Amino acid sequence: MLKLQERVMPSSKPPPLPKTTNPKAPKRSPIARLLSLLTRAALFFALLFVVDKVLPNLRWQTQTFVVAKWQQVTLLQEELPTENSLPSPLPGQHLTDTWGAARSAGRSHEGIDIFAERHTPVQATTHGIVSKVGENNLGGRVVVIVGPGGAGHYYAHLEEYAEIKVNDWVEVGDVIGYVGDSGNAKGTPPHVHYGIYIKGSAVNPILY
């Protein structure tokens, strides 16, 4: 009987990898380790400084914005000013009804001009929120306050502003600026232009 010759199957096992020696990474000197530690500590404290300075400011801005919006909503629920209910922005100064007077470029005067010495304090005629402290071509330096019912109170031709900013809350009698002749009033006797806007339309302040 013939013996069948056994076939030797090649092994599917991969050959063993040659042994390699893993040389150890060179040790850093104590000075290098110290410098690395100091660098990380400096970055950490710099991050803490940024967080300490930026986050409170962002939190304050957010709180101010939210409070101002809530106050605006509250103001809208209040009654609009009625006739003879508002004080003058320049108490003690003579009031002249200049409403509707002709102005340049075919405009009519949407307010009244109250004359006084330069730098005379201009007072808020209502409580409300400061919505603008800035400049425009006609009014020069202006302040706008949103009062009860959403009425806008516009003070123009100021020489300078008081210590107020947008979203500040003001009360009646608070100083919001100082009499001047800025804007298109340059060279005229110092005065404040006072306007009232109800539902977007100008009304005669002398009536209020």
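Because the structure is predicted, anything quoted here is derived from the model rather than measured.
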Within the 4.5 Å heavy-atom criterion, are Leu158 and Val142 side-chain neighbours or not?
no
Between Val146 and Leu75, what is the shortest heavy-atom contact and its length?
O-CD1, 3.3 Å
Going by the side chain to side chain donor-acceptor pair (under 3.5 Å) test, name the single residue among His119, Arg141, Arg118 that passes it with Glu159.
Arg118
Rounded to the nearest 0.5 Å, how far does CG of Leu80 lie from CD1 of Ile196?
10.5 Å
Hydrophobic cluster identity match, Val175 and Val130, side-chain contacts under 4.5 Å
no
Residue pair Trp99 / Pro205: nearest heavy atoms and the distance that separates them
CE3-CD, 4.1 Å
Are Val179 and Val122 packed together at the side-chain level, in the sense that at least one heavy-atom pair is separated by less than 4.5 angstrom?
yes
Taking the side chain as everything from C-beta on, heavy atoms only, tell me whether His193 gets closer than 4.5 Å to Leu138.
no
Report the distance from atom CG of Asn137 to atom CG of Asn184, rounding to the nearest 0.5 Å.
9.0 Å
Glu79, CD: over 12 other non-hydrogen atoms inside 6.0 angstrom:
no
What's the separation between atom CG in Leu207 and atom CD1 in Ile112, rounded to the nearest 0.5 Å?
9.5 Å
Measure the NE2-CG distance between His109 and Asn204 for me, rounded to the nearest 0.5 Å.
10.0 Å
To the nearest 0.5 Å, how far apart are CD1 in Ile114 and CG in Leu95?
5.0 Å
Sub-3.5 Å donor-acceptor pair from the side chain of His157 to the main-chain atoms of Val192, do we have one?
no
Side chain of Thr125, backbone of Pro87: donor and acceptor closer than 3.5 Å?
no
Over 12 non-hydrogen atoms of neighbours within 6.0 angstrom of CD in Glu160:
yes
With a 4.5 Å heavy-atom cut-off, do Asp174 and His127 have their side chains touching?
no
Ring-ring centroid check Tyr194 Tyr154, cutoff 6.0 Å:
no
Considering all heavy atoms of both residues, which atom of Val170 and which atom of Ile145 are nearest to each other, and what is their separation?
CG2-CD1, 3.7 Å
If every non-hydrogen atom of Gln71 is compared with every non-hydrogen atom of Ile129, which pair is closest and at what distance?
CB-CD1, 3.3 Å
Just verifying a value: how many Å separate Gln123 CD and Tyr155 OH, rounded to the nearest 0.5 Å?
9.5 Å
Here the pair of heavy atoms bringing Tyr161 nearest to Val143 is CD2-CG2, 3.8 Å
Considering all heavy atoms, the nearest Pro81-Ala151 contact:
CD-CB, 4.1 Å
Could you label the plane-to-plane angle of the His191 and Phe115 rings as parallel, tilted or perpendicular, counting under 30° as parallel and over 60° as perpendicular?
tilted
